[in-house]
Amino acid sequence: MSSQKKLLLIDGNSVAFRAFFAMHQALDHFTNQDGLHTNAIYAFKNMLDIILKKIEPSHVLVAFDAGKTTFRTAEFSDYKAGRSKTPPELSEQFPYIRELLSAYGIQSYDLDNFEADDIIGTLAKEAEAAGFTVDIVTGDRDLTQLTTDKTTVNITVKGVNEIEAYTPEHVQEKLGLLPSQIIDLKGLMGDTSDNYPGVTKVGEKTALKLLAAHESIEGVYEHVDEMKASKLKEHLIEDRDQAFMSKMLATIRRDAPLTVGIDDLAYNGPDLETLIAFYQAMNFKSFLNQLNVTSEEAVPVESYDYTVLTNDNLTLLSELTGTATFGIEMLTDNYHTAEMIGFYVGTPKHWYVSDDVALLAEPIFKDWLEDADQTKAVFDVKRNQVAASRLGIELAGVEFDLLLASYLLNTTNNSNDLGTLANLHDYQNVQTDEQVYGKGAKRALPEELTTFYQHLVQKAAAINQLQPQLVAQLKEHQQFDLFTDMELPLALVLARMEITGIKVDASCLQQMGSEFIQTLKILEEKVYAEAGETFNINSPKQLGVILFEKMGLPVIKKTKTGYSTAVDVLEQLRKDAPIVQTILDYRQIAKIQSTYVEGLLKSIHQDNKVHTRYLQTLTQTGRLSSVDPNLQNIPVRVAEGRKIRQAFVPSQPGWQLFSSDYSQIELRVLAHISGDVNMQEAFKENRDIHANTAMKIFGLTSADQVTPDMRRQAKATNFGIVYGISDYGLSQNIGITRQQAKSFIEAYFEQYPGVQQFMVDIVKKAREEGYVETLFHRRRYLPDIHAKSFNLRSFAERTAMNTPIQGSAADIIKVAMILMQQELTKANLQAKMLLQVHDELIFEAPEAEIPILQKLVPSVMDSAVSLAVPLKVESGFGPTWYDIKK
DNA sequence: AGGCTCACG
DNA sequence: ACGTACGTGAGCCTA
């Protein structure tokens, strides 16, 4: 809310019309529980938000037309005659738009015998006199007659999400007229949509010429006798009365007898409870979601006709035109192994389903699927790509993925379920998989085949229906390129990597495992001996009792449920009792054994490989994550764990593993986006960034004054900065006092002032816009930035600082991966990209191709984007992942 | 199902 | 006065 006096006046009828037709294509699936159409209400709300955010008014009113008859129809009975009737689907929504406004704390107003324009004109005049600036929003250009140096008229263009601001200068630019001359223009040329006549044969061109010469209609008629004889002169004389009447009709009244005053219009924001109740009544899931309110799943109302495909009717496929929806159905997550239970394909003209995926491999179907010119819309392109690949099909031509689009629009929508996401985008006519198949052990095909088929068709229809809406939103967010040029092609690259998999030497793991088991046994006995009893070492609860109650060690940290026994705690207790070190040793080995030896062994497939799945739509920053197994957290920091990497080997004899990683990519990204000159200089001169920081914060003059410990602390500070620093966090991390940490940070910001400015600016942006963005417009919303709770708010602020850095780094390696796959294909190499670990890419290749990769991979990676600082890439290779040394 | 711990960038 | 480093996944234990 602005502290200045700023009045916003909205032409309710005009905006509602725009809203209705902007979402007309979605009319049928925008209905609530009672069958009320809600598309105009929905779009009106969206537009209202945009306007409120842009204008930031202190006072607001929305004016509506009262009825069919006004003082204008009394003057001229044909006024607005012949206008097509307001569609009933819109009429029924007007009362609810008013209800919405009321929940927003905004007055809506109409007045007998007057139009919305007159209410607006009158209030604008009053407000100007009272020292307000005024913004008017409408789709009707006639209102531009109201522009003054204090009143701006904003005209909605292109649907409902863009507005064009008319000031007197802008009117002059567009029409060459003063705002006050617009009524003269209308008087002369008439208005077909309002159905008043003007002067015969006079259109915009002629009228503008006349007004340029004589300023007003009055002026024109003062000089009409001087005009030389012409058809125009005849028409002017003939239609004199019509011209003056039309001017009167076009004139917006500034003296309507209003019963509201400006003081009644103060805007203090919505009443949340009312608003939530309203959204619930309207079934607006996405708005509820924005308010962090969960809503119940809707039950689809509409069923569709469909045809079951068989071997005998596959030629029906040739009738598909335009973008078709396609999807292979599986009941479980892991698409590398899940049973394929059916598929859907089609367009709104005709939907097809089947429970026999073997049909997909029939030549006629396979050709269709592999035809890149036959465009397809899907839900989860990677899933379908991998499934198709299992049938020997290389799916091509996918132009839309509902899952990816939904993720980019709002990363918190991280469901993988089509029904859930469709509901979130206010599309109700599809059930969730859980509703149809059940969950957990009960998950199964529905008893009736027709129930299954109907669900498939509803999914197909949902993808089809939501595509235009989501594409429009992506474009609005400037994310369409991110979608089309990054996430979609990346999905195909990832599919290939997952399908290829990486070979794991099971016998190597088993041998390591048996050694670990022996060590664990010894450590276990030692713990029991030192404790004087046996207990479950893996139970933090039991361990807590032993350490803190029986042995009486000091309690350093507590968790919600009891004593903390985490590493940092145990490390502090190490000096107090020998059992602590034994427990630490046990923990370390137990972790390696259970997660990496036994866990990894369980996920090896028949082909001796592990095939991870990269989750492309999960993280809040744009990074990938990896599951089944997670190959992004294989041990490397400590020697015992690192040996696990010996089990990761090339898939063919005579091949090598090859890896390249970005060096300090996040700090380089920070140097770029913050524009900090000192940090940029350090990278441009290829200096040791942590030593450089050490010099800066310890006030040293030369690099050889930097001790290893100074460098370590500086490195931690650099990390802290990337994470959205706090003195407390830094002090905990490097074991210094909070006071010391604070002075480190102050020195840091003094030396890198651009970084400090970036931190301030990005938090401000998050507050103002509600989100932050990466270099490639990946967006993360941070509603907690306004939280009352210090904790929540601080967390959101740190996230605001970290996300553009971590997320831009994620963008960059994604670009590199797409380019890399193209290069491998182009150069016809046997080398294959296998893994991505956030800033690292891992390949396997015949030994002979290693020299090629040593040049190619770094050059692709460091030129993936062009930043203000160079990107540095380091590479290495070896016979196992363990042996890759850089 | 959720908490704790610990593996990675 | 508040009580934190950013982003993940998996295994284990305990409700």
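In the text below, chain A, chain B and the rest are named by the order of the sequence lines, each starting its count at 1. Only a predicted model underlies this, so the values are computations on that prediction, with no experimental measurement involved.
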Among side-chain atoms of A:Q806 and A:T621, is any donor-acceptor pair under 3.5 angstrom? yes
Which value, in whole Å, describes the distance between the C1' atoms of nucleotides B:dC6 and C:dC2? 29 Å
Under a 4.0 Å heavy-atom criterion, the protein footprint on nucleotides 3-10 of chain C, written with B, S and -, is BBBBBSBB
When we call it a touch if two heavy atoms are under 4.0 Å apart, what does A:T565 touch: a base, just sugar-phosphate, or nothing? sugar-phosphate
State, without any angle test, whether A:T432 and A:D417 hold a side-chain donor-acceptor pair at a distance under 3.5 Å. no
Nucleotide of B:dA7, B:dG9, B:dC6 approaching A:V636 most closely (side-chain heavy atoms): B:dG9
What is the distance from CG of A:D585 to P of B:dC6, rounded to the nearest Å? 12 Å
Just say parallel, tilted or perpendicular for the rings of A:H605 and A:H336, cut-offs at 30° and 60°. perpendicular
Can you measure A:E840 atom CD to B:dA7 atom P for me and round it to whole angstrom units? 18 Å
For the pair made of CZ in A:R793 and C1' in C:dA1, what is the distance, rounded to whole Å? 12 Å
Expressed as a whole number of Å, how far does the P atom of C:dT4 sit from that of B:dT5? 14 Å
Does the side chain of A:Q572 come under 3.5 Å of the side chain of A:D568 through a donor N or O and an acceptor N or O? no
Can you find a side-chain donor-acceptor pair between A:Q756 and A:Y752 that sits under 3.5 Å? no
Report the distance from atom CG of A:D568 to atom P of B:dA7, rounded to the nearest whole Å. 12 Å
Determine whether A:Y748 and A:F744 satisfy the following criterion, ring-ring contact (aromatic ring centres under 6.0 Å, His included), listing intermediate values before the conclusion. CA-CA 6 Å; A:Y748 191 101; A:F744 275 21; 9.9 Å; no
Would A:R613 count as a cation-pi partner of A:Y335, with NZ or CZ less than 6.0 Å from the six-membered ring centre and within 45° of the ring normal? yes
Scan every strand shown for a Watson-Crick or G-U wobble partner of C:dT8, both distances under 3.5 Å, and answer none if you come up empty. B:dA7
Could you verify whether a donor N or O on one side chain and an acceptor N or O on the other, from A:Y563 and A:E549, lie under 3.5 Å apart? yes
Using whole Å, report how far CD1 of A:I589 lies from P of C:dG11. 18 Å
Please determine whether a side-chain nitrogen or oxygen atom of A:R587 lies at a distance below 4.0 Å from atom OP1 or OP2 of B:dT5. no
Establish, for the pair A:K885 and A:Y882, whether the NZ or CZ atom is under 6.0 angstrom from the six-membered ring centre and no further than 45 degrees off its axis. yes
Applying the Watson-Crick and G-U wobble criteria at under 3.5 Å, what pairs with C:dC13? Answer none if nothing qualifies. B:dG2
Measure the distance from CD1 on A:I592 to C1' on B:dT5 and round it to the nearest whole Å. 14 Å
Atom-pair distance (CD on A:Q588; C1' on B:dT5), nearest Å: 13 Å
Which whole-number value in Å describes the distance from A:R645 CZ to B:dA7 P? 13 Å
Where do N or O atoms of nucleotides 13-15 of chain C meet protein N or O atoms at under 3.5 Å, pair by pair?
residue	atom	partner	partner atom	Å
C:dC13	OP1	A:N536	ND2	2.8
C:dC13	O3'	A:S539	OG	3.3
C:dT14	OP1	A:S539	OG	2.6
C:dA15	OP1	A:K541	NZ	2.5

Can a cation-pi geometry be assigned to A:R779 and A:Y771, taking NZ or CZ under 6.0 Å from the six-membered ring centre and within 45° of the ring axis? yes
